[in-house]
Each structure stands twice: as structure tokens, then as C-alpha cells.
Amino acid sequence: MFHYSMTQWLFFFYTYCFLGWCFESAYVSICTRKFVNRGFMRGPFLPIYGSGAIMMYVVSMPFQHNIVLTYLAGCVGATALEYITGVLMESLFHIRYWDYSHKKFNFQGYICPSSTLAWGFFTILMTRVIHRPIEQFVLNIPRGVLGYATFFLTIYIVADFALSFKTALDLRSILAKMQKAKEELEHMQKRLDVIIAFNNEEKAQKQQERELRAGELTESLGQRFMSIKETIQRTPGAYVDSVRDEIADLRARYNIYMENRKNYKEMLDFYKRDMIRNNPNMSSGEFKEAFEELKNAVADKKGK
């Protein structure tokens with residue numbers, strides 16, 4: 001079972017990362033009718049497939065002469081890997097790179113019966129069909145050539161993964177700032193409603209208690225500030241000095257938010273935009289609205 005050297009194991013891992021990228025990118029590109037460079041990384045490698053293939057091979061080796069046990073081992077091992085990977089990635093980045101919530105009997109959206117059953121068939125296919133010619137190919141590569149190839153691939157993949165990891169963390173930071181800004185907008189809206197209602201102006205404004213999206217909040221706040229300005233112009237003594245100072249402070253914070261909102265979208269450099277485009281099924285439970293806004297910004301940027 002463990003007759004491969006560490007270099008050979010690594011080369012197998014990289015090979016399956018590449019084959020997984022080919023499969024995933026081809027499938028999504030066909031479905032969307034445009035080329036999509038799938039995956040967390042920028043290069044043609046999907047670590048989840050490499051990890052899954054190695055795991056399938058290892059857990060099924062004790063049962064290689066029993067196809068049913070091979071299938072079951074693949075189902076259990078690959079499903080566990082998929083669940084752990086999904087939980088860890090969402091914990092780190094607050095973003096889901098896949099989501100089975102729309103499928104029946106899913107568990108927390110990370111795994112579902114259909115994918116589990118498919119993993120079992122993939123295990124049989126991988127261990128009994130795909131791995132054999134790949135194994136023969138790798139074993140025939142001279143040790144020195146294999147060592148150099150694996151070394152350079154390792155440098156490239158580690159660098160690519162590090163850049164992608166940083167990009168994902170930066171994206172999480174942007175989403176967190178956008179969410180915090182929206183909460184500040186909601187606080188400003190409530191305070192302005194109190195000021196307007198206290199001065200018996202446009203009481204209907206106070207009835208607006210529903211949840212608003214960030215874009216609707218900015219428009220709503222803009223209308224409130226305009227209403228207060230018109231009231232002050234009509235009746236200079238409508239608001240006491242302390243209230244005017246508070247309104248001025250809220251207005252200044254509103255202007256800062258509008259400038260930051262523009263900057264957040266401009267912070268989406270090539271790598272972040274590419275990560276969002278390459279994973280059209282990405283979603284965020286914690287930062288749902290902010291992430292949808294960023295996805296729309298990326299789509300608008302591409303359209304232009």
C-alpha cells in the first residue's frame with residue numbers, strides 16, 4: 001500500500017489536482033457556454049480533487065479485491081473530506097465555495113446523499129481504471145527528472161495557494177467592512193427617524209421599519225437629509241443647536257460611508273474579481289447581501 005516514495009505521492013497529488021481542474025473547468029464551461037477557470041487557486045489545480053483522489057486510494061486499498069467495500073470506503077472517506085473542507089473554508093473565509101442546500105437530505109449544505117453516492121463510484125473508477133495508467137507513467141519517469149519536476153511544481157503550487165489564500169482573506173475583510181457599514185447606516189436611519197418624528201415632520205417616515213438593502217438605505221437616508229435641509233430652510237428654528245450638530249455629524253458619517261462604499265468596490269483587484277468569477281456558486285451566509293453586491297459589481301465591471 002505504501003510502496004511509493006514521498007516524491008511519487010506528491011506527483012500523484014499534483015496530477016489529480018490538474019485532472020480535477022480539467023474536469024471541473026470543462027463541465028462548468030460547457031454549462032455556462034464560456035470558459036471558466038474553476039477553483040480556489042489561479043493555476044490549473046484543484047487541491048480538493050488531489051486530496052480526494054489520494055484519500056480514495058488510501059482508504060480503499062485494504063478492500064481492493066472487494067468492489068462493494070471499495071465503494072463504501074470511498075463514500076465515507078470522500079464525504080468526510082468534503083464536509084471537513086467545506087466547514088474549514090467557510091470558517092476561515094466566511095464564504096461557501098459549494099452549497100448543496102437546494103438538494104434533498106443535505107447536511108448543513110456541505111454534503112448530500114447524491115454527492116456521497118457519486119464519490120463511491122468515483123472511487124471505483126479512480127482505483128481500478130484511472131490510477132493504473134497514471135501509476136505506470138509515474139513509475140517510468142527517471143527518479144532525477146521526477147524529483148526536479150515535483151520540486152518546481154511544489155514551488156509554483158505553494159506560491160499560487162499562498163496568493164489565493166491572501167486574496168480570500170482580503171475578500172473576507174472587505175465583506176466584513178461592508179457589513180459593518182450597513183449596520184452603521186441602519187443606526188443612522190433610526191436616529192434620523194427619531195429626530196424627524198420628534199419635530200413632527202413626515203411622521204410616515206417613522207413607519208419604515210422593514211429591512212432594507214444597503215443601496216435602499218443610502219437612498220432612504222439621502223431623502224431624510226434632504227427633508228431635514230428643506231425643513232431648516234423653511235423654518236430656521238425647527239431644530240435646536242444640539243440637534244443640528246448631531247444632524248451635521250450624521251451627515252458627515254453618511255458622506256464617509258458613500259466614499260468608502262465606492263472604495264470597497266475599487267478594492268476588487270484582478271485576483272479578487274477572478275476568484276468571484278471562477279466560482280459562480282460561491283455564497284456567504286454571514287455576509288449575504290454584501291457578497292451579492294460585490295458579485296454584481298464584478299458583473300458590471302466585466303460588462304464594461
Side-chain angles (χ1 to χ4, degrees), residues 1-32 34-61 64 67 70-71 73-86 89 97-98 111 114-142 145-165 274-275 277-282:
M1 175 177 177
F2 301 104
H3 58 280
Y4 302 129
S5 67
M6 181 57 68
T7 301
Q8 290 169 335
W9 276 114
L10 278 174
F11 198 84
F12 284 136
F13 173 74
Y14 298 152
T15 300
Y16 287 118
C17 287
F18 174 70
L19 293 178
W21 175 85
C22 291
F23 168 77
E24 188 87 5
S25 296
Y27 175 76
V28 176
S29 296
I30 291 173
C31 291
T32 58
K34 60 181 179 181
F35 175 73
V36 177
N37 176 23
R38 283 285 285 157
F40 177 75
M41 299 168 61
R42 292 193 48 75
F45 297 96
L46 280 174
I48 185 65
Y49 277 86
S51 303
I54 297 300
M55 182 279 307
M56 288 177 185
Y57 182 75
V58 172
V59 300
S60 65
M61 280 303 294
Q64 59 181 320
I67 192 171
T70 297
Y71 176 85
C75 288
V76 174
T79 299
L81 177 65
E82 187 174 37
Y83 178 79
I84 292 171
T85 302
M89 292 187 75
Y97 284 80
W98 66 88
I111 55 177
S114 60
S115 66
T116 296
L117 296 175
W119 285 126
F121 287 113
F122 279 131
T123 301
I124 295 174
L125 180 66
M126 198 279 294
T127 56
R128 302 203 172 201
V129 179
I130 298 175
H131 185 69
R132 291 176 181 175
I134 293 177
E135 176 188 47
Q136 193 61 43
F137 170 74
V138 173
L139 293 179
N140 288 334
I141 299 176
V145 174
L146 183 66
Y148 280 115
T150 304
F151 175 75
F152 287 114
L153 278 173
T154 300
I155 293 177
Y156 171 77
I157 290 175
V158 168
D160 190 343
F161 183 84
L163 177 61
S164 300
F165 191 88
D274 220 33
M275 178 172 284
R277 289 196 195 105
N278 294 343
N279 297 276
N281 294 326
M282 284 170 63

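Quick caveat: nothing in here was measured; it's all calculated off a predicted structure.
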Aromatic ring centroids of Phe40 and Phe165 under 6.0 Å? no
Just verifying a value: how many Å separate [X] [atom1] and [Y] [atom2], rounded to the nearest 0.5 Å?
X      : Y      : atom1 : atom2 : result
Glu135 : Tyr57  : CD    : OH    : 5.5 Å
Arg38  : Cys22  : CZ    : SG    : 14.0 Å
Gln136 : His131 : CD    : NE2   : 10.5 Å
Asp160 : Leu153 : CG    : CG    : 11.5 Å
Tyr4   : Phe11  : OH    : CZ    : 13.5 Å
Ile54  : Leu10  : CD1   : CG    : 9.0 Å

Take atom CZ in Phe35; do more than 12 heavy atoms of anything else shown fall under 6.0 Å from it? yes
Count the heavy atoms of every other residue, nucleotide or ligand shown that sit under 6.0 Å from OH of Tyr156, and state whether that count exceeds 12. yes
Return the minimal non-hydrogen interatomic distance between [X] and [Y], and the atom names on each side.
X      : Y      : result
Ile157 : Tyr14  : CD1-CD2, 3.3 Å
Cys17  : Pro47  : SG-CA, 3.6 Å
Ser115 : Glu82  : OG-OE1, 3.5 Å
Thr127 : Met56  : CG2-O, 4.2 Å
Ser60  : Ala73  : CA-CB, 4.4 Å
Gly74  : Trp119 : O-CB, 4.0 Å

Side chain of Thr123, backbone of Tyr71: donor and acceptor closer than 3.5 Å? no
Mind checking whether Tyr27 and Phe23 have parallel, tilted or perpendicular rings, split at 30° and 60°? parallel
From CA spacing to verdict: side-chain contact (heavy atoms from CB on, under 4.5 Å), Thr116, Tyr83: CA-CA 11 Å; Thr116 296; Tyr83 178 79; over 6 Å; no
Asn37 vs Trp21, side-chain contact (heavy atoms from CB on, under 4.5 Å): CA-CA, chis, key distance, verdict: CA-CA 8 Å; Asn37 176 23; Trp21 175 85; 2.6 Å; yes
